[in-house]
Number of protein chains: 2
Amino acid sequence: MAKRVSHKDSGCGVARPLDAIGDRWSLLIVRDAFDGLRRFGEFQKDLGLAKNILAARLRNLVAHGIMDTIPTSDGSPYQEYVLTEKGRGLFPLLVALRQWGEDFFFEPNEAHVLLVDRKNGLPLRKLELRAQDGRILGAEDTIVRSPPDSTGNAWR
Amino acid sequence: MAKRVSHKDSGCGVARPLDAIGDRWSLLIVRDAFDGLRRFGEFQKDLGLAKNILAARLRNLVAHGIMDTIPTSDGSPYQEYVLTEKGRGLFPLLVALRQWGEDFFFEPNEAHVLLVDRKNGLPLRKLELRAQDGRILGAEDTIVRSPPDSTGNAWR
DNA sequence: GCGTGTGGTTTTAATTTGAAACCGGACCCC
DNA sequence: GGGGTCCGGTTTCAAATTAAAACCACACGC
């Protein structure tokens with residue numbers, strides 16, 4: 001039942017996460033959760049996806065420890081879905097996705113929702129990659145490095 | 001043929017990008033491209049996916065302007081796949097994904113590849129969200145805001 | 001001409017997705 | 001207690017997608 005990655009790179013820090021959230025819906029569900037949605041029906045209404053696949057996705061997210069089910073606060077007989085610590089850790093990724101979308105998927109003058117600072121309504125600063133010492137880095141300034149390798153086999 | 005988003009949220013800055021890269025392989029291909037891979041066979045060998053779906057994914061990435069095909073430099077009769085500007089814009093997202101993976105998908109002592117500063121071999125700083133004025137923000141300090149809305153309908 | 005490496009496409013089967021119907025408990029109303 | 005409704009799913013079944021494998025085409029070396 002547990003869907004497993006099948007390719008050689010299954011140990012990589014990019015591939016494993018994709019196994020958990022690398023489908024068309026999971027990140028949208030997580031985003032909705034950040035927006036405060038908690039109930040099955042809320043997700044379903046907002047995203048407009050079939051109930052069976054919403055159920056499957058939520059199950060998967062819970063199984064991966066990204067969301068958790070809790071009893072409702074308001075006494076209704078159902079449960080609510082909330083982000084775990086791990087799920088909340090996805091926020092930078094969501095911001096990166098959104099910023100990339102804003103930069104490349106909209107015409108310069110095309111209106112779109114914006115993620116803004118709650119305190120003053122200004123858009124966030126663009127995410128920037130920094131070295132330990134604070135230098136701003138680009139992709140070409142980085143390299144993936146294998147670990148010391150105590151196990152004998154090296155992932156890329 | 002062009003796969004289109006079907007749900008209500010299709011205008012959102014999160015949903016549109018997912019339409020382009022929200023599948024199990026595209027981001028891995030892009031990551032490989034950042035690692036310097038360019039040839040069909042290189043991707044296929046590294047990722048171990050079927051050739052037809054690699055071809056489909058590359059076609060899709062090219063169609064979305066994320067990669068581009070260029071003639072080979074070394075005179076071989078084939079083409080190479082390289083990232084466009086738009087594709088290179090995915091680097092922060094890839095870093096976010098990787099950092100999340102490193103934080104939550106590996107045991108503390110489990111060895112894994114690391115993305116490091118090419119200059120000194122130190123790991124990158126954790127990505128951080130900042131307001132315009134430089135304050136570090138968390139998810140709870142932000143809010144999505146609809147645009148002024150000249151069109152009459154508001155996206156979430 | 002023949003074998004080989006590369007970069008695909010085609011064919012076919014397996015898996016996933018999606019729409020819609022169905023189900024069951026809680027609550028409401030009488 | 002007997003309907004009716006809302007919510008949160010599961011089941012069923014068709015359609016789309018993915019995957020494996022076979023096939024094909026071109027360039028090259030010999």
Side-chain angles (χ1 to χ4, degrees), chain A residues 1-10 15 18-29 32-33 36-64 67-82, chain B residues 1-10 15 18-29 32-33 36-64 67-82:
Chain A
M1 177 95 344
K3 224 184 309 182
R4 281 289 84 220
V5 282
S6 56
H7 63 286
K8 340 198 146 176
D9 200 12
S10 50
L18 282 177
D19 194 45
I21 54 158
D23 66 280
R24 186 88 75 274
W25 294 111
S26 294
L27 273 181
L28 290 169
I29 294 169
D32 276 357
L37 273 54
R38 321 181 123 225
R39 297 285 287 262
F40 187 94
E42 292 180 311
F43 293 112
Q44 208 250 322
K45 180 166 170 226
D46 186 66
L47 297 173
L49 82 177
K51 298 201 287 182
N52 53 348
I53 82 143
L54 175 57
R57 287 292 163 268
L58 287 171
R59 239 191 325 265
N60 187 56
L61 288 170
V62 170
H64 275 93
M67 301 191 81
D68 201 3
T69 54
I70 58 171
T72 58
S73 41
D74 65 350
S76 70
Y78 307 110
Q79 49 186 357
E80 299 187 339
Y81 295 89
V82 296
Chain B
M1 178 89 348
K3 224 185 308 181
R4 281 288 85 219
V5 282
S6 58
H7 64 287
K8 338 198 150 181
D9 202 9
S10 50
L18 283 176
D19 194 45
I21 54 158
D23 67 280
R24 187 86 76 274
W25 294 112
S26 295
L27 273 180
L28 289 169
I29 294 170
D32 276 358
L37 272 53
R38 322 182 121 226
R39 297 287 286 262
F40 186 95
E42 293 180 311
F43 293 112
Q44 208 250 323
K45 181 167 170 226
D46 186 66
L47 296 175
L49 82 176
K51 299 203 285 182
N52 54 350
I53 82 143
L54 175 56
R57 288 292 163 266
L58 287 171
R59 238 191 326 265
N60 186 57
L61 289 170
V62 170
H64 275 93
M67 302 191 80
D68 202 1
T69 55
I70 58 171
T72 58
S73 40
D74 65 351
S76 70
Y78 308 111
Q79 50 185 356
E80 299 186 338
Y81 296 89
V82 297

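All values below come from the heavy atoms of this structure, side chains included, with hydrogens, waters and symmetry mates left out. Within every chain, numbering begins at 1; the chains are lettered A, B, ... in the order of the sequence lines, protein sequences first and strands thereafter.
In this structure, B:D19 places its CG atom 15 Å from C1' of C:dT17, rounding to the nearest Å. Atom CG of A:N60 is separated from atom P of C:dT16 by 11 Å (rounded to the nearest Å). B:D23 has its CG atom 7 Å from the P atom of D:dT18, to the nearest Å. Rounded to a whole Å, the CD atom of B:E80 is 13 Å from the C1' atom of C:dG7. Note: CZ (B:F40) to P (C:dG5) measures 17 Å, nearest angstrom. Rounding to whole angstrom units, CD1 of residue A:I53 and P of D:dT11 are separated by 17 Å. As a whole-Å value, the separation of A:L49 CG from D:dT10 P is 14 Å. Whole-Å rounding puts the A:Q44 CD to C:dG18 C1' distance at 12 Å.
Listed nucleotides: D:dT10, D:dT18, C:dT9. Nearest to the side chain of B:N52: C:dT9. Of all nucleotides listed (D:dA20, D:dT10, C:dA19), D:dA20 comes nearest to the side chain of B:A50.
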Review point. Would B:K51 and B:F40 satisfy side-chain contact (heavy atoms from CB on, under 4.5 Å), going step by step from the backbone distance to the final call?
Key: CA-CA 9 Å; B:K51 299 203 285 182; B:F40 186 95; 4.1 Å; yes

Point to revise | B:I21/B:H64 under side-chain contact (heavy atoms from CB on, under 4.5 Å): CA gap, chis, key distance, verdict | key: CA-CA 9 Å; B:I21 54 158; B:H64 275 93; over 6 Å; no

Review point. Run the side-chain contact (heavy atoms from CB on, under 4.5 Å) check on A:T69 and A:L58 step by step: do they pass?
Key: CA-CA 9 Å; A:T69 54; A:L58 287 171; over 6 Å; no

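With respect to A:R24 and B:D23, no salt bridge is recorded, no charged nitrogen being found less than 4.0 Å from a carboxylate O.
Using a distance-only test at 3.5 Å, with no hydrogens or angles considered, a donor-acceptor pair links the side chain of B:Q44 to the main chain of B:L49.
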Identify each atom pair where a protein N or O and an N or O of nucleotides 13-15 of chain D are less than 3.5 Å apart, giving names and distance.
none

Between protein and nucleotides 23-28 of chain C, what N or O pairs are separated by less than 3.5 Å?
{"residue": "C:dG25", "atom": "N2", "partner": "A:Y78", "partner atom": "OH", "Å": "3.1"}

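Close to D:dT18, at under 4.0 Å from its OP1 or OP2, lies a side-chain N or O of B:R57. Listed pair B:R59 / C:dT9 meets the phosphate criterion, a side-chain N or O lying under 4.0 Å from OP1 or OP2. The phosphate of C:dG7 (OP1 or OP2) has a side-chain N or O of B:R39 nearer than 4.0 angstrom. For C:dT17, neither phosphate oxygen OP1 nor OP2 lies less than 4.0 angstrom from any side-chain nitrogen or oxygen of A:W25. Look at B:Q79 and you'll find a side-chain N or O under 4.0 angstrom from OP1 or OP2 of C:dG8.
Partner B:I29 forms a side chain to side chain contact (heavy atoms under 4.5 Å, CB included) with one of B:L47, B:D46, B:L37 and no other, that one being B:L47.
Residue B:Y81 is classed as a sugar-phosphate contact, given heavy-atom separations below 4.0 Å to backbone atoms only.
At least one side-chain heavy atom of B:R57 sits less than 4.5 Å from a side-chain heavy atom of B:S26.
Under 3.5 Å, the side chains of B:R39 and B:T72 contain no donor-acceptor pair of N or O atoms.
In this structure, A:L61 CG and A:L27 CG are separated by 9.0 Å, a value rounded to the nearest 0.5 Å. Going from atom OH of B:Y81 over to atom CZ of B:R38 covers 13.0 Å, rounded to the nearest 0.5 Å.
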